[in-house]
Amino acid sequence: MADDAFDFVPLGAAPRPDDGEELARRVRSALLDQAAGVTDASPVRVAATLDGAAVPTLDVDLTGVVVAGARKTPPPPAPVTARSSEAGIVGRLRVDAHPVTIEGVRVDLQAEAENLSFSWVEGVDGSLAAQLVEPTEQDRVVGQVRVAAARDEIVAAVQRVAADLAKAQGVTLSRLDVDLVSRGPRAASVAVRAQIRKGFLSATAEGGATATVGTDLVLTVSDVSVTSGNPLVAGMLAVASGRIKAYEGRRIDLGAQLPPGVRLVDVGLDVGDEVVLTARTG
C-alpha cells in the first residue's frame, strides 16, 4: 500500500545494506538530496554500524557546512508502495556541527537521541526506504540537544535581514540596535531600536519583548512593545504593532508540541557572549 511520503527516508535500491559503511553512504546521499540552501555540503560526514536490522550507532557530522541565501523546500520523497517491511531500531543517533554556518552565524550543535524505531521498507519498484515510526508513551525517545552561537553574530544577522525587509517595503533602515539580555536560566529579553527613513521622513522606532520558560515548560511572552515618538511613524507601525502586541501574555506549552513519545523534561536558555539553548527529553 502507499504511505505518506513524509514518513520515508529514501535509501536507494533494495536490498538493505550489508554493512555500516554502505548504510552511511546511503544516509549521506539522502541528506544531501534534501539539503536546501546549502552552498557547501561537501564536509558532511556520516558513520554507522549495522547489526542485522538494527543500527546500533548513526553519527552525522555537519561541521563546516554552509547554509546561505534563499532556501526552497525540496520536493518530498516519492511515495513508497511497500512490498515488504522489517522493524529496525537506531540505538543511538548523534548529530554534531562544530560549527555549521547559517546566514553568517556560526552555530555549534550537539544532539543525541536513543532508541529510535523505524522500519526497513522495500518497495514494489525495487526501492529501499526507512519509514520513521512515531514514538509512543511506552517507547519514549531519550535525548538531549545543545545549540550555541555568538550573540554578536546573531545580532549582525538580524540586522542584515531587517535591512533587506525594510528595503523591500521602500524604507531605509539607517541603524538597528539589538540588545539581548539574560533574565535567568530560562528567560531572555530583547530590545530593538531602529532608525528608519522613508523619503524626507526620518524617525526612531523601538520595540521589545521577554520570553520565559517556566518550570512547567510553558513559554510565556511578556513586555511586548512597539513604539515611536514620531506620530507619522507610529501610524505606519499601527498595523504591525497590533499584530506584535497580540503576543503579549501568549503561553505555549513546549511539551505539547511534541509527539506522545517525546517528553520534554528540561529546557535552558542562557544569554551571554553566546546564546545557548539546551533541551532534554526522557
Side-chain angles (χ1 to χ4, degrees), residues 1-103 105-135 141 143 145 147 259 262:
M1 64 179 182
D3 293 281
D4 187 346
F6 290 101
D7 293 337
F8 289 85
V9 177
L11 294 174
R16 67 171 185 254
D18 292 325
D19 56 40
E21 184 176 346
E22 174 63 14
L23 174 60
R25 186 189 67 78
R26 296 195 189 195
V27 170
R28 184 178 188 275
S29 178
L31 289 174
L32 297 185
D33 286 344
Q34 292 298 302
V38 176
T39 60
D40 184 8
S42 60
V44 174
R45 294 180 293 278
V46 180
T49 56
L50 194 60
D51 183 10
V55 181
T57 62
L58 178 59
D59 298 305
V60 179
D61 191 341
L62 305 178
T63 301
V65 171
V66 178
V67 182
R71 291 182 296 281
K72 294 182 179 180
T73 302
V80 176
T81 300
R83 178 178 61 195
S84 64
S85 67
E86 182 176 357
I89 190 167
V90 178
R92 189 211 68 202
L93 169 66
R94 183 180 174 104
V95 179
D96 285 280
H98 306 298
V100 56
T101 302
I102 303 174
E103 298 292 355
V105 179
R106 292 169 295 178
V107 179
D108 189 87
L109 167 68
Q110 183 175 321
E112 191 169 305
E114 299 177 1
N115 303 322
L116 302 173
S117 297
F118 72 99
S119 293
W120 298 98
V121 178
E122 293 189 10
V124 295
D125 59 354
S127 64
L128 176 71
Q131 182 181 20
L132 308 180
V133 177
E134 187 171 282
V141 172
V145 61
V147 182
V262 181

Under the rule for side chain to side chain donor-acceptor pair (under 3.5 Å), what residues qualify as partners of [X], not counting sequence neighbours?
{"X": "T57", "answer": "T49"}
{"X": "D51", "answer": "none"}
{"X": "S85", "answer": "none"}

Nearest-0.5 Å distance that lies between atom [atom1] in [X] and atom [atom2] in [Y]:
{"X": "R45", "Y": "D96", "atom1": "CZ", "atom2": "CG", "value": "10.0 Å"}
{"X": "I89", "Y": "E114", "atom1": "CD1", "atom2": "CD", "value": "10.0 Å"}
{"X": "L31", "Y": "L62", "atom1": "CG", "atom2": "CG", "value": "7.5 Å"}

[X] versus [Y]: any side-chain heavy-atom pair under 4.5 Å?
{"X": "D61", "Y": "V44", "answer": "no"}
{"X": "D125", "Y": "T81", "answer": "no"}
{"X": "P10", "Y": "V80", "answer": "no"}
{"X": "V147", "Y": "D108", "answer": "no"}
{"X": "L109", "Y": "V145", "answer": "yes"}
{"X": "S119", "Y": "V133", "answer": "yes"}

Can you list everything that forms a salt bridge (Lys or Arg N to Asp or Glu O under 4.0 Å) with E122? Sequence neighbours excluded, please. R83

Which residues pass the salt bridge (Lys or Arg N to Asp or Glu O under 4.0 Å) test with R16, sequence neighbours left out? E86

Just by distance, do the side chain of W120 and the backbone of A53 share a donor-acceptor pair under 3.5 Å? yes

Side-chain donor-acceptor contacts of residues 19-26 below 3.5 Å, not counting sequence neighbours, with atom names and distances?
from, atom 1, to, atom 2, distance (Å)
D19, OD1, E21, N, 3.3
D19, OD1, E22, N, 2.8
E22, OE1, R25, NE, 3.2
E22, OE2, R25, NH2, 2.7
E22, OE2, R26, NE, 3.0
R26, NH1, L11, O, 2.7
R26, NH1, A13, O, 2.8
R26, NH2, A13, O, 3.4

Checking V55, N115, D59 against R92 for side chain to side chain contact (heavy atoms under 4.5 Å, CB included), the one that qualifies is D59

How close do P135 and V141 get, counting heavy atoms only, and between which atoms? CB-CG2, 3.8 Å

Check A54 against L50 and note the closest heavy-atom contact, atom names and distance. O-CD1, 3.5 Å

